[in-house]
Amino acid sequence: AAAPSVTNNAQAYGGGDPLCPMDASCKSSITTVVNAPDLHIVKTDNGPWVVGQADAAYTLTVNNSSAIAASVGEILINVKDVMPPGIEPKWTDPLVSANWSCSFVGRSVTCHSINDLVIGASLSSSITLPVTVTTAALGGGLNADVTNHASVSGGGDPFNDGDAPDPGANCWSLDPKDPGHCAQKITRIFALADLVVSKSNPTFTATGVAGQYVATYQIDVTNLGGSDGNYTLSDTPGFPADVVLNSWTARLSTSSSATTLTTPVNGVATQISAANELLPAGATHSYVIALTFSMQAGVTQVACTGSAGGGAFNAASIVGTNAMDASGCAALPGVPSLGLVKTSNGPWTVDQPDAKYTLTVTNNGTASTNGSVMTVTDNMPTGLTATAGSSNGWTCAVAGQQVTCTSTSVLAAGAPSVIELPVKVTAAAVGNPSNMASVGGGGDPYNGGNPPVPGSCAAGDLHCASVPTKVNALGD
């Protein structure tokens with residue numbers, strides 16, 4: 001601190017005087033009050049800071065606790081500042097801040113007063129030092145405290161002969177007062193928010209509608225960084241083209257209330273969360289997604305390939321970032337797809353006793369039938385009458401010209417089942433009558449699980465079949 005006074009001592013001896021210099025009368029001293037500036041420095045910041053924060057800055061305030069003004073004169077007022085590791089000066093020399101000019105070498109900053117600065121009694125002058133906050137300030141962690149030291153002298157202040165000492169321990173050993181010629185500031189540094197997305201594999205639940213399922217999966221957003229972050233979560237389905245996406249909902253795992261989302265569309269991102277949702281450092285938000293979809297008989301890419309179009313695929317991402325996860329995938333549940341082939345043992349003759357149609361039902365799908373009723377509808381041509389009965393697990397009923405055969409057998413994918421249907425041939429059938437039939441049910445989603453009207457199928461649709469059979473009159 002500035003010396004409040006100085007003492008001058010004088011002593012007389014010699015000339016043959018036997019008392020001096022030991023006698024008190026031979027000595028004299030006088031103390032004179034010295035009036036000089038007494039500078040103090042205070043250091044603040046706008047922290048805590050986040051790595052890369054654009055406006056991070058220290059503020060050094062120099063004030064004078066003496067009644068004697070400190071001015072530039074012939075002795076500059078000097079401030080020294082040593083920034084901690086990871087905190088770098090952010091300017092091009094020289095930095096002019098108010099009435100100060102600052103320059104740096106490495107992390108060591110020196111500022112001196114300009115423009116004939118006068119810091120009067122109880123007055124102050126401040127310096128703002130912009131800084132760059134780097135990851136080195138974290139010391140390998142997610143947050144850390146860094147300490148900055150500064151010192152001041154000059155301007156007529158006699159402390160350390162007018163030269164600001166090196167900041168830190170050396171300065172504090174010379175002036176331990178606080179505030180005094182030395183200052184420090186401890187600042188908390190945080191890592192940036194680091195948001196990552198992860199998702200689970202979907203599980204499937206049948207809705208009870210043929211071929212329809214609900215895929216349920218969870219999307220997690222986790223902040224691995226050291227500071228709070230914000231996100232807007234989206235999800236993009238990428239199911240095979242023949243899968244019909246019906247609807248979906250999303251809810252936070254901590255809530256029982258689900259939000260109905262806009263109708264899902266393959267390849268189109270849909271917002272799942274609220275916009276700019278706040279996620280504290282270290283926290284995780286989990287969303288449960290329930291997507292209802294309908295399998296079609298033509299779906300062949302049921303296996304998960306890890307990309308859109310293969311299996312139950314979707315990509316969850318944070319809007320506007322590279323945070324994305326598409327790894328959670330699962331093979332789609334297969335569906336049965338029934339096909340029908342119809343033959344006869346013709347040509348026939350009127351009243352032929354062994355005339356019959358053979359109807360072969362084959363499961364052309366990717367899964368077994370589910371044990372629900374499979375139905376074959378067969379419309380007999382005029383002059384032909386079917387015989388009711390049972391055949392290989394099928395039960396056939398006859399009502400006029402319409403035959404209905406049903407079975408609850410389980411057909412594995414690729415497996416056939418044969419119906420032998422005897423018919424009575426009358427003279428009205430002479431010619432080349434064509435018989436038409438159709439099949440449906442058993443979990444096959446086609447036509448809502450029902451056989452179509454015989455003869456109504458599009459070309460190539462195996463749910464319908466027909467066969468012409470020549471019928472000869474007696475005596476032909």
Side-chain angles (χ1 to χ4, degrees), residues 1-2 37-53 55-66 70 75-114 117 119 124-141 143-190:
D38 183 15
L39 298 177
H40 293 169
I41 188 169
V42 176
K43 192 168 181 67
T44 58
D45 61 34
N46 60 345
W49 296 330
V50 176
V51 171
Q53 183 171 324
D55 63 346
Y58 287 116
T59 298
L60 295 78
T61 301
V62 177
N63 58 64
N64 182 12
S65 65
S66 170
I75 304 177
L76 299 177
I77 301 175
N78 294 302
V79 170
K80 292 181 180 179
D81 187 302
V82 177
M83 296 186 181
I87 308 299
E88 309 289 345
K90 187 184 178 181
W91 67 83
T92 301
D93 284 341
L95 168 70
V96 176
S97 177
N99 288 308
W100 300 86
S101 178
C102 303
S103 59
F104 66 90
V105 176
R107 291 181 287 105
S108 297
V109 179
T110 300
C111 300
H112 63 267
S113 54
I114 56 178
L117 172 67
I119 303 178
S124 63
S125 180
S126 295
I127 310 166
T128 298
L129 301 180
V131 296
T132 297
V133 184
T134 72
T135 54
L138 296 171
N143 58 73
D145 291 326
V146 297
T147 302
N148 177 272
H149 295 278
S151 62
V152 65
S153 193
D157 183 340
F159 172 70
N160 201 43
D161 296 327
D163 181 24
D166 291 336
N170 179 57
C171 184
W172 290 109
S173 67
L174 298 174
D175 182 7
K177 293 192 306 179
D178 187 14
H181 292 85
C182 315
Q184 71 175 19
K185 183 68 179 74
I186 299 174
T187 308
R188 174 58 62 94
I189 309 297
F190 292 99

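Source: prediction; values computed, not measured.
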Exercise for the section: Taking side chain to side chain contact (heavy atoms under 4.5 Å, CB included) as the test, write out the residues that go with A150, two or more places apart. Expected result: I41, K43, L60, D81

Fill in the blank from the handout: Those residues at least two apart in sequence (or on a different chain) that pass side chain to side chain contact (heavy atoms under 4.5 Å, CB included) with T135 are V51

Handout entry: Donor-acceptor under 3.5 Å (S108 side chain, V82 main chain)
Key = no

Handout entry: Within-4.5 Å side-chain heavy-atom neighbours: C111 and L129
Key = yes

Practice task
Look only at the side chain of D175 and the backbone of G180, and say whether a donor-acceptor pair between them is shorter than 3.5 Å.
Solution key: no

Practice task
Identify, with sequence neighbours excluded, every residue that meets ring-ring contact (aromatic ring centres under 6.0 Å, His included) alongside Y58.
Solution key: W49

Practice task
Give the minimum heavy-atom separation between G47 and T187, together with the two atoms involved.
Solution key: CA-CG2, 4.3 Å

Problem - Min side-chain heavy-atom separation C102-I127 under 4.5 Å - result: yes

Exercise for the section: Report yes if the side chains of N63 and L39 come closer than 4.5 Å at any heavy-atom pair, otherwise no. Expected result: no

Fill in the blank from the handout: The complete set of disulfide bond (SG atoms under 2.5 Å apart) pairs with one or both residues in residues 145-184, sequence neighbours excluded, reads C171-C182

Exercise for the section: Could I get the full list of salt bridge (charged side-chain N to carboxylate O under 4.0 Å, His left out) partners for D145, not counting sequence neighbours? Expected result: R188

Handout entry: From S113 atom OG to N78 atom CG, the distance as rounded to the nearest 0.5 Å
Key = 7.0 Å

Using residues 160-168 as the side-chain source, report each donor-acceptor pair under 3.5 Å to any protein atom, sequence neighbours left out, with the distance given to one decimal.
| residue | atom | partner | partner atom | Å |
| --- | --- | --- | --- | --- |
| N160 | ND2 | D163 | O | 2.6 |

Handout entry: Any side-chain heavy-atom pair of D45 and T59 under 4.5 Å
Key = no

Practice task
Return the set of residues passing side chain to side chain contact (heavy atoms under 4.5 Å, CB included) with P94 (not counting sequence neighbours), or none when no residue passes.
Solution key: S101

Practice task
Identify the heavy atoms of T147 and Q184 that sit nearest to each other, and give their distance.
Solution key: CG2-OE1, 3.9 Å

Practice task
Indicate yes or no: at least one non-hydrogen side-chain atom of M83 is less than 4.5 angstrom from one of V109.
Solution key: yes

Exercise for the section: List for me each residue that meets side chain to side chain contact (heavy atoms under 4.5 Å, CB included) alongside P179, sequence neighbours excluded, and say none if there are none. Expected result: H40, V42

Exercise for the section: Verify the distance criterion only: is there a donor paired with an acceptor across the side chains of N170 and W172 at less than 3.5 Å? Expected result: no

Problem - Straight-line distance of F104 CZ to T92 OG1, nearest 0.5 Å - result: 7.0 Å

Handout entry: Residue list, side chain to side chain donor-acceptor pair (under 3.5 Å) with S126, at least two apart or on another chain
Key = T61

Handout entry: Min side-chain heavy-atom separation I87-T134 under 4.5 Å
Key = no

Practice task
Would you confirm whether N64, through its side chain, and D38, through its main-chain N or O, come within 3.5 Å as a donor-acceptor pair?
Solution key: yes

Practice task
First locate atom CG of N46, then atom CG of D55, and finally report the distance between them rounded to the nearest 0.5 Å.
Solution key: 5.0 Å

Practice task
Please work out which of the three classes, parallel, tilted or perpendicular, describes the rings of F159 and H181, given edges at 30° and 60°.
Solution key: parallel

Handout entry: From H149 atom NE2 to I186 atom CD1, the distance as rounded to the nearest 0.5 Å
Key = 8.0 Å

Exercise for the section: List in chain and number order the residues that pass side chain to side chain donor-acceptor pair (under 3.5 Å) with R107, two or more places apart in sequence or in another chain; answer none if no residue qualifies. Expected result: none

Handout entry: Any side-chain heavy-atom pair of I77 and H112 under 4.5 Å
Key = no

Practice task
Any chance you could measure W100, atom CH2, to T110, atom OG1, to the nearest 0.5 Å?
Solution key: 12.0 Å

